[in-house]
Amino acid sequence: MGNLFTDLFSTKPAEEAAKAKAAGYTAGNTSAQDALTQGQTSADALYGQAYAPYTSLIDSTGRGATAYGDATGANGATGLATAKDLFTATPGYQSGFDLLTDANDRRAASRGILASGNTIADTAKLATTYADQNYGNYVSRLAPYLSANNSAISGGAAVKGAQAGADLGVAGQRAQYGYNSATGVGNANADAALAPYSASSNFWGALTGVGSLALKASGIGGFAPTPAKA
């Protein structure tokens, strides 16, 4: 059985309390970090779902914007060559051209001048006019892709920006919880380290107090017994 007097000034309770406090801070931080991880994972998945439609929109409108750049010459000679191929391959282009030239040939044939130089010149002129008019329409149909592509990019960027903001907020919370936990554990460990000094101070203070009381009781401390009257 331990000495009751010395047990009263033991550092063990303080050390155990410090360990419990440190363990509590550590457990709390672990729990908070796990909850933040789960929340961030779920949020990132939802942000991914929100961004997914923009991927195809950015791609499709981007192709249209590139085609507009090709058709207007913004992408150079190679772009113009590509635009010409795409233009002549558009639905209805060839059939419209054939109808126009066939009608001109029939009129010339009915007049007996199908193979004349004038007819050939007329056909060439019709072909050029047809191409010029339809090319302008082709470029006009591509123009909306510029704003559509810009809107798609802006929408996707907004989703990514919101996700970045949310992730930054989680990072801040992680840092704060980690800091609080480290500070709490540090303070608990400091309390445990200082426990022996506090216990020693208390022990010697109590011992000195007991000694002082004993001296006073014996009269040495200024409380000498009063002499008896004769």
Side-chain angles (χ1 to χ4, degrees), residues 1-63 65 147-218 220-223:
M1 185 174 181
N3 186 301
L4 181 60
F5 184 74
T6 56
D7 286 348
L8 186 61
F9 301 101
S10 172
T11 63
K12 186 175 181 180
E15 292 172 351
E16 290 179 347
K19 288 180 181 179
K21 184 186 292 186
Y25 276 113
T26 300
N29 181 55
T30 298
S31 178
Q33 297 293 342
D34 288 344
L36 287 171
T37 296
Q38 293 176 6
Q40 185 175 20
T41 299
S42 298
D44 284 345
L46 292 174
Y47 278 118
Q49 293 176 16
Y51 181 77
Y54 288 102
T55 302
S56 58
L57 282 174
I58 292 172
D59 181 58
S60 61
T61 58
R63 289 196 301 271
S147 59
N149 184 239
N150 183 65
S151 296
I153 293 173
S154 297
V159 173
K160 288 296 184 180
Q163 182 177 8
D167 288 345
L168 181 61
V170 171
Q173 288 181 292
R174 288 185 184 281
Q176 187 62 55
Y177 283 126
Y179 172 80
N180 291 342
S181 176
T183 301
V185 171
N187 289 337
N189 290 335
D191 291 343
L194 292 173
Y197 296 97
S198 298
S200 176
S201 177
N202 292 338
F203 176 81
W204 289 110
L207 189 61
T208 301
V210 171
S212 177
L213 288 175
L215 289 174
K216 289 178 181 179
S218 65
I220 298 176
F223 291 92

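Note that these values count all heavy atoms, side chains included, but never hydrogens, waters or copies made by symmetry. The first residue in the sequence is number 1, and the count goes up from there. This is a predicted model, so every value here is computed, not measured.
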*Spell out, as yes or no, whether a donor-acceptor pair under 3.5 Å connects the side chain of Ser181 to the backbone of Tyr177.*
no
*side-chain hydrogen bond (donor to acceptor under 3.5 Å, both in side chains) with Gln173: which residues, sequence neighbours excluded?*
none
Expected list for residues 151-162: side-chain donor-acceptor pairs under 3.5 angstrom, two or more places apart:
unit_1, atom_1, unit_2, atom_2, d
Ser151, OG, Ser147, O, 3.0
Ser154, OG, Asn150, O, 2.9

Under 3.5 Å, which donor-acceptor pairs do the side chains of residues 51-58 form with other protein atoms, sequence neighbours left out?
unit_1, atom_1, unit_2, atom_2, d
Thr55, OG1, Ala52, O, 3.4
Ser56, OG, Pro53, O, 3.0

_Over all atoms of both residues, closest heavy-atom pair of Ala22 and Ala188_ = N-CB, 3.9 Å
*Determine the minimum heavy-atom distance between Gln33 and Gly178, stating which atoms define it.*
NE2-N, 4.0 Å
*Scan side-chain atoms only and decide if Gln176 and Asn180 contain a donor-acceptor pair under the 3.5 Å cut-off.*
yes
*Output, in order, the C-alpha distance, side-chain angles, deciding distance and verdict of side-chain hydrogen bond (donor to acceptor under 3.5 Å, both in side chains) for Asp34 and Gln38.*
CA-CA 6 Å; Asp34 288 344; Gln38 293 176 6; over 6 Å; no
_Residue pairs fulfilling salt bridge (Lys or Arg N to Asp or Glu O under 4.0 Å) with at least one residue in residues 46-60, sequence neighbours excluded_ = Asp59-Arg63
*side-chain hydrogen bond (donor to acceptor under 3.5 Å, both in side chains) against Thr61, all qualifying residues, sequence neighbours excluded*: Asn149
_Test side-chain hydrogen bond (donor to acceptor under 3.5 Å, both in side chains) applied to Asn187 - qualifying residues, sequence neighbours left out_ = none
